[in-house]
Amino acid sequence: MLIIASIIFLPLVWNLLRARRERQHDQGETEANATEEEPDPSNRTVALILAIVAAVVFAYAFIELWSFNPASRLMPALAIVPGLPLAAWLVIRGAREYRSDFGDDADELRILAVLILYAVLVWAFGFSLPTLALMAWMLLMRAKMRVWTAAIYGAVVFAVAHLLFNALRGDAPVGALLAISRVKGKPT
């Protein structure tokens with residue numbers, strides 16, 4: 001339920017509050033200023049893509065729900081039953097408000113593609129190499145840090161991630177195609 005609240009309800013509440021503020025702001029403006037239209041800062045393309053992904057995930061979860069033991073269906077149903085119609089509503093609303101602003105959205109779409117590529121690389125090669133590559137790209141290319149600063153910051157973040165895996169007694173993901181991060185003597 002908390003996941004649904006964070007993914008769907010909180011952005012809805014945020015949009016309602018923003019719309020309310022905009023209406024109050026528009027009421028205070030004159031007719032001449034009200035006719036001018038500023039470009040919408042929200043990124044509709046990425047919002048539509050994420051809404052479609054959420055709707056597909058909820059639809060798949062709804063189908064999988066029926067394979068569960070009837071006594072075990074309640075907990076997932078508490079998230080899926082309200083989540084599926086809300087995700088579908090987000091897709092309909094996003095499609096209705098969609099404008100092709102690829103020039104404005106291209107940078108965010110590249111970042112989304114890099115994050116998807118990171119998830120695929122973690123599956124293929126394990127946690128270490130893709131995480132190092134992602135951090136190098138983020139710190140050097142996106143944040144434009146100096147090399148030494150990025151190396152120190154990246155090493156600290158990487159060490160903290162491995163400490164969290166150890167503290168939680170979990171194993172870092174091991175690659176399905178190339179298991180570089182496997183330790184000898186440890187079963188996989």
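These values consider heavy atoms only, across backbone and side chains, with no hydrogens, waters or symmetry-generated copies.
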Minimum heavy-atom separation for A77 and P82, please, with both atom names. O-CD, 3.8 Å
Atom CZ of F165 and atom CG of D171: how far apart are they, to the nearest 0.5 Å? 9.0 Å
Would you compute the distance between atom CZ of R73 and atom CG of L78 and round it to the nearest 0.5 angstrom? 14.0 Å
Side-chain polar contacts of residues 131-148 - donor-acceptor pairs under 3.5 angstrom, sequence neighbours left out - could you list them?
residue: T131; atom: OG1; partner: Y118; partner atom: OH; Å: 2.7
residue: T131; atom: OG1; partner: F127; partner atom: O; Å: 2.6
residue: R142; atom: NH1; partner: D107; partner atom: OD1; Å: 3.1
residue: R142; atom: NH2; partner: D107; partner atom: OD2; Å: 3.0
residue: K144; atom: NZ; partner: M141; partner atom: O; Å: 3.3

Between A59 and L84, what is the shortest heavy-atom contact and its length? N-CD1, 3.6 Å
How about W123 and P173: do any of their side-chain heavy atoms sit closer than 4.5 Å? no
Linked, directly or transitively: Y60 and L50 (ILVMFWY side chains, under 4.5 Å): no
Nearest-0.5 Å distance, CG of residue L48 to CD1 of residue I92: 11.5 Å
Validation row: E64, P76 side chains within 4.5 angstrom (heavy atoms): no
Rounded to the nearest 0.5 Å, what separates atom CG in L65 from atom CZ in F58? 12.0 Å
To the nearest 0.5 Å, tell me how far L164 CG sits from L168 CG. 6.0 Å
Say you draw a straight line from CG of L129 to CG of L121; how long is it, rounded to the nearest 0.5 Å? 9.5 Å
